[in-house]
Each structure stands twice: as C-alpha cells, then as structure tokens.
Peer 1: 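Quick one: the structure is below, questions incoming.
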Amino acid sequence: MKSKLLLLLIAAATLCGCERLRDRVTYYTYVNATDKTIVVTLYDQNFYTNDLLIEVNPDAKEVFSFVIAPGEQYTRTLPPYPEMRKYSVSLPFEDIEEAACITVSNGELMLSHRHPNGLFDRYGGVGIKECYEETKSTNKAAYLQCIFDDEFFKHCWPVPVYD
C-alpha cells in the first residue's frame, strides 16, 4: 500500500510539472531607498590592507560593479549552481569566482566585507545585516530582495580619500 501511494505521489508530481527546488533560478533585486547613488563593487582581494580599515589596498582590482540611482533597482539573475542543496538558492556572487571582497558605498559612507557573499548572507547567518527578504518562491525560481536604506549605512565607515 505504501509503495503504491509513493508511486502515485511521484506520478502526480511529474504530471504537475513539479521540478526539484535545487534546479531553480535565483533573482536578487537590490533596491536603492536612499537619496544617494549606491555603488556595489567586488574586488579580487581585500579592499583594505588590514583589519583596522584605514589604508586602502592599492593592489585590489575591481572585478565587478553595479550602480543604483536613487529610487531605482538592479537585478542579478543566477542559474542554479552544482552544489545546491534541496532548499537552497544560488549565492548572490557565486558566479564571480575571482571576487574576494565587496564594498557598498553611497558616496559618503562605505561598508566592506572580505567575502562578497558574506555581506548579504541571510541563509548562512554571516554578515553585517540580514539583508535579503524572499519576496516569492516557486520550484522554478527564488526571488530575493535587498533594500539599501539609511539603516543599512548606519554602521559604515566614511569613504576613504585617495591620494
């Protein structure tokens, strides 16, 4: 009886077009809810030379960047990655292998994190702020949103001045 019920459930799932959650696409939308332009930049190494966040690392090279004007948004679409677990989503910058550090700046204040996915990693519990909110989830896609507001920049350092 149990095996017949299991086969019936598998058949129903197949007919409904249900897909495994680990095969779903992830959409990350970053919303600028401030009156300043926000720049998110990924670097190939740590942005600062040490943990005191004083001296900028001159060897850090930009590998990816996006700009969000006030009131606008930016969306990244990520395919499933091979190691995805059943209820997981692709990490926001998993596809940029050379990225080792991330900065988020509003022109006056800046936040830096050594691991690009760690700054926003709600699911791993790492990072300054649990930033992502899941707005929609299906078997085919996960939609997550991060809102940059004044609260996000409360614990940031002033943008370093370059010589």
Side-chain angles (χ1 to χ4, degrees), residues 21-22 24-138 141-163:
L21 288 176
R22 71 174 186 259
R24 63 186 179 166
V25 175
T26 307
Y27 297 92
Y28 284 99
T29 300
Y30 300 91
V31 179
N32 183 348
T34 72
D35 59 354
K36 296 175 176 53
T37 298
I38 293 176
V39 179
V40 177
T41 308
L42 282 76
Y43 295 91
D44 64 346
Q45 53 190 291
N46 196 7
F47 183 75
Y48 291 102
T49 57
N50 58 37
D51 290 336
L52 298 177
L53 307 178
I54 297 172
E55 189 176 322
V56 174
N57 180 356
D59 297 327
K61 304 286 185 268
E62 183 179 314
V63 294
F64 180 77
S65 179
F66 60 91
V67 177
I68 314 169
E72 298 293 321
Q73 63 186 29
Y74 174 82
T75 300
R76 294 197 76 227
T77 303
L78 296 168
Y81 63 96
E83 296 85 26
M84 268 179 107
R85 292 179 299 280
K86 185 175 180 183
Y87 297 105
S88 190
V89 296
S90 292
L91 295 174
F93 303 105
E94 187 75 19
D95 59 325
I96 306 172
E97 294 177 14
E98 59 274 6
C101 177
I102 187 170
T103 61
V104 179
S105 171
N106 68 2
E108 295 175 3
L109 299 171
M110 186 175 77
L111 185 61
S112 176
H113 198 278
R114 288 185 189 199
H115 306 287
N117 293 318
L119 181 62
F120 305 110
D121 190 6
R122 173 181 177 199
Y123 295 97
V126 179
I128 305 301
K129 179 181 179 185
E130 290 188 45
C131 186
Y132 290 114
E133 173 189 349
E134 193 164 8
T135 58
K136 183 179 175 184
S137 183
T138 68
Y143 298 85
L144 294 106
Q145 176 176 279
C146 174
I147 299 176
F148 294 119
D149 54 14
D150 294 331
E151 180 72 25
F152 181 88
F153 289 99
K154 268 191 171 175
H155 304 289
C156 296
W157 296 92
V159 171
V161 177
Y162 298 95
D163 293 332

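FYI, the numbering just counts along the sequence from 1.
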Peer 1: Over 60° means perpendicular and under 30° means parallel, so classify the ring planes of F148 and F152, tilted if in between.
Peer 2: perpendicular
Peer 1: Once rounded to the nearest 0.5 Å, what's the spacing between atom CD1 of I147 and atom OH of Y132?
Peer 2: 12.5 Å
Peer 1: Distance check, rounded to the nearest 0.5 Å: F64 atom CZ versus I102 atom CD1?
Peer 2: 9.5 Å
Peer 1: Taking the side chain from D149 and the backbone from A33, do they hold a donor-acceptor pair closer than 3.5 Å?
Peer 2: no
Peer 1: Mind listing the side-chain donor-acceptor pairs of residues 71-80 below 3.5 Å, one per line with the distance, residues two or more places apart or on another chain?
Peer 2:
| unit_1 | atom_1 | unit_2 | atom_2 | d |
| --- | --- | --- | --- | --- |
| T75 | OG1 | T29 | OG1 | 3.0 |
| R76 | NH1 | P92 | O | 2.3 |
| R76 | NH1 | D95 | OD1 | 3.3 |
| R76 | NH2 | D95 | OD1 | 3.2 |
| R76 | NH2 | D95 | OD2 | 2.8 |

Peer 1: C156: what forms a side-chain contact (heavy atoms from CB on, under 4.5 Å) with it, not counting sequence neighbours?
Peer 2: L109, L111, F153
Peer 1: With sequence neighbours excluded, what pairs up with Y143 under the ring pair (Phe, Tyr, Trp, His ring centres under 6.0 Å) test?
Peer 2: Y27
Peer 1: In chain order, what residues pass the side-chain contact (heavy atoms from CB on, under 4.5 Å) check against D35, with sequence neighbours excluded?
Peer 2: none
Peer 1: Hey, does S112 have a side-chain heavy atom less than 4.5 Å from the side chain of W157?
Peer 2: no
Peer 1: Can you see whether N57 engages Q45 through a side-chain donor-acceptor pair at a distance of less than 3.5 angstrom?
Peer 2: yes
Peer 1: Look only at the side chain of S90 and the backbone of T26, and say whether a donor-acceptor pair between them is shorter than 3.5 Å.
Peer 2: no
Peer 1: Under 3.5 Å, is there a donor-acceptor pair between the side chain of T37 and the main chain of A69?
Peer 2: no
Peer 1: Please name all residues satisfying side-chain contact (heavy atoms from CB on, under 4.5 Å) with E108, sequence neighbours left out, ordered by chain then number.
Peer 2: K36, N106
Peer 1: Please identify each residue that fulfils side-chain contact (heavy atoms from CB on, under 4.5 Å) with S105, with sequence neighbours left out.
Peer 2: M110, V159
Peer 1: Is there side-chain contact between P160 and F47, with heavy atoms separated by less than 4.5 Å?
Peer 2: yes
Peer 1: Can you measure from NE2 (H115) to CG (L42) and round to the nearest 0.5 angstrom?
Peer 2: 13.0 Å
